[in-house]
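Reviewing the structure listed below.
What's counted below: heavy atoms across the whole structure, side chains too, no hydrogens, waters or symmetry copies. Sequence lines set the chain letters: A, B, ... in the order given, protein chains first and strands last, and positions in each chain run from 1.
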Amino acid sequence: MSRETYQDNTINIQNVSAYYNNHPALDNITLSFRRGEFAVILGPNGSGKTTLLKILCGLCKFQKGSVKVLGQTPSSYNFLLRRKIAHVAQVESIDPKLPITVRESVATGRAGTSGLGRPLKKSDWKLVDTTIEWIGISHLADKPIGHLSGGERQKTSIARALVQQAPILLLDEPTASIDPNAQKDILDLLEHKMDLHSFTTLYVTHEISMIPNRCDRIVMLQNGKVWADGKPDELINEEKLKELYGGNGFCCSGKFSFHHTHH
Amino acid sequence: MHEVLGIPEYLWRPIFAGLFSGIACSITGVFIVTMHLSFLGICIAHSAFTGALFSLWIGWNPLLGSILFSLIASAIVGPLADRGELSPDTSTGIVFSTMLGLAFLFLGLIPGSKASALSLFWGNILTVTRMDIYILSGITTFLLLLFTIFFKEIHAVLCHRQIAVYVGIPTALIFYLLLITTGLTIAVSLQTVGGLLIYSLLLNPSASAHQLTYRFKTMLILSILFGITSCWGGLALSYKYNLPTGATIILISSLIFILSAIFSPKRQVKGEKNV
């Protein structure tokens with residue numbers, strides 16, 4: 001890889017291995033993602049997808065190799081780097097009595113960026129309100145976060161990620177654990193409303209039907225290794241998917257259709 | 001009897017002690033209640049009590065031992081719970097039982113009369129010294145400043161800890177700062193309310209406020225108001241009917257909690273859902 005190409009890449013992962021209790025979660029992975037690329041990381045449960053994202057945020061240690069994100073090495077103390085990485089996780093159960101409203105929850109996205117000990121400015125709150133309206137949850141703004149449905153909570157998470165105004169967006173199974181209608185809603189938002197190419201986007205999923213059509217690249221992980229890496233129309237076919245998922249029929253049930261559009 | 005503003009002069013110190021204890025314990029309580037760390041609060045309270053007994057045994061000021069032991073407990077329980085090797089309840093339970101064992105050991109080792117040691121059980125707001133007031137006002141000011149300056153970070157850590165990590169807030173720093181402040185608050189409030197009763201003053205005002213609002217700022221303000229009301233109300237009751245002050249403070253805070261739970265909008269929401 002030439003020096004120029006290396007610098008143009010937002011994320012560079014070189015020969016990275018990470019272990020949990022001597023079991024390799026990632027095994028000698030080398031990947032790089034360029035600015036504005038929208039890649040889907042696909043693989044069965046336990047293939048190392050979430051570990052990969054955690055390493056990029058500095059929240060998971062790796063034993064071998066090197067990782068550079070925006071030219072910096074991620075670590076649990078690199079708060080400044082994390083402020084440049086927006087993250088949407090899957091919906092988790094939360095205390096319904098939690099004293100935080102949707103508007104305040106979205107504003108958490110500005111809490112790191114605005115600086116330690118510095119209150120949010122009027123412009124921050126304006127951005128929060130505009131984003132809430134754009135996502136279509138302004139009617140929920142003053143509702144406690146614990147009162148929302150899974151789909152509504154996920155829209156709040158996406159709004160939070162957007163107000164962070166980070167160059168990198170990590171989506172860790174954003175449609176998992178929510179009902180099918182809400183899944184459709186979130187996918188529609190990601191696919192048609194948001195411009196995922198304005199970030200370097202890594203979208204992790206194990207469900208084929210949840211892959212947005214507009215992605216540039218598919219990286220398939222299996223047992224902590226890069227099993228395949230290429231264009232969606234090269235990799236998303238019944239044969240490859242059967243191989244990736246070990247012949248498991250769930251991913252090739254016929255519900256799946258993939259119409260990749262080139263940009 | 002000399003009076004200032006119609007109140008006997010000797011009552012002014014307890015009034016200030018009640019004000020500062022009420023504010024400090026209620027703010028700390030918001031941290032404990034929101035993060036579901038009630039058992040941790042109980043554990044630190046008992047550690048402070050053990051530290052005070054240790055001080056009495058070796059002839060120190062009880063406050064020093066309270067601060068030392070509550071900080072030790074915070075320093076052990078926090079990382080153990082944080083690293084996830086043991087469940088937070090298990091690690092807190094182990095430290096709690098060890099501290100209780102040490103408390104009985106020191107109680108047995110204190111030479112002569114145990115009266116001063118036993119008074120630490122229920123505390124005595126009427127005997128607080130000028131120095132106690134200064135220390136209490138210092139920790140209260142520190143807590144108010146901490147929550148004012150780092151309001152958005154504290155709110156994020158308390159309500160969205162995982163998200164706070166991802167958006168680049170130094171979550172561990174904020175968490176341990178709150179934990180250490182909790183230890184200090186408990187240690188300096190020990191003499192006012194007593195070792196066995198202090199966690200009621202920590203939990204009741206903030207738990208009451210938690211019942212009444214979904215707004216974090218409102219929860220903090222309500223918690224402070226309930227804390228001061230409990231301290232001053234308890235003091236007044238104790239003065240008027242010659243009752244133990246620690247007990248009256250706690251009973252008033254418990255009454256406020258019962259009323260808050262009855263009139264809680266959160267309870268009504270649950271009821272409506274059940275219909």
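The existence of a salt bridge linking A:D185 and A:K155 is confirmed by a sub-4.0 Å separation between a basic side-chain nitrogen and an acidic carboxylate oxygen. Salt bridge annotation for B:R215-A:D142: present, with a cationic side-chain nitrogen under 4.0 angstrom from a carboxylate oxygen.
For A:L59, the part lying under 4.5 angstrom from a heavy atom of chain B is the side chain only. Of the atoms belonging to A:I85, it is backbone heavy atoms, and not side-chain ones, that fall under 4.5 Å from chain B. With a threshold of 4.5 angstrom between heavy atoms, B:I163 approaches chain A through side-chain atoms but not through N, CA, C or O. Of the two parts of B:Y166, the backbone and the side chain both hold a non-hydrogen atom closer than 4.5 Å to a non-hydrogen atom of chain A.
Interface check for chain B: of the options A:T113, A:D95, A:L170, the most heavy-atom pairs under 4.5 Å are formed by A:D95. Highest contact tally toward chain B, considering only A:S105, A:A161, A:A166, is held by A:S105 [criterion: heavy-atom pairs under 4.5 Å]. Ranked by heavy-atom pairs under 4.5 Å with chain A, the list B:T148, B:T218, B:T213, B:V165 is led by B:V165.
Proximity of a side-chain donor or acceptor of A:R103 to a complementary backbone N or O of A:K143 within less than 3.5 Å is not detected.
Across all non-hydrogen atoms, the minimal contact from B:M99 to B:S47 is CG-OG, 3.2 Å.
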Query - Working for ring pair (Phe, Tyr, Trp, His ring centres under 6.0 Å), residues A:H147 and B:Y214 - result: CA-CA 11 Å; A:H147 286 195; B:Y214 288 105; 4.9 Å; yes

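Between B:F151 and B:F216, the ring-plane angle classifies as tilted under the 30° and 60° cut-offs.
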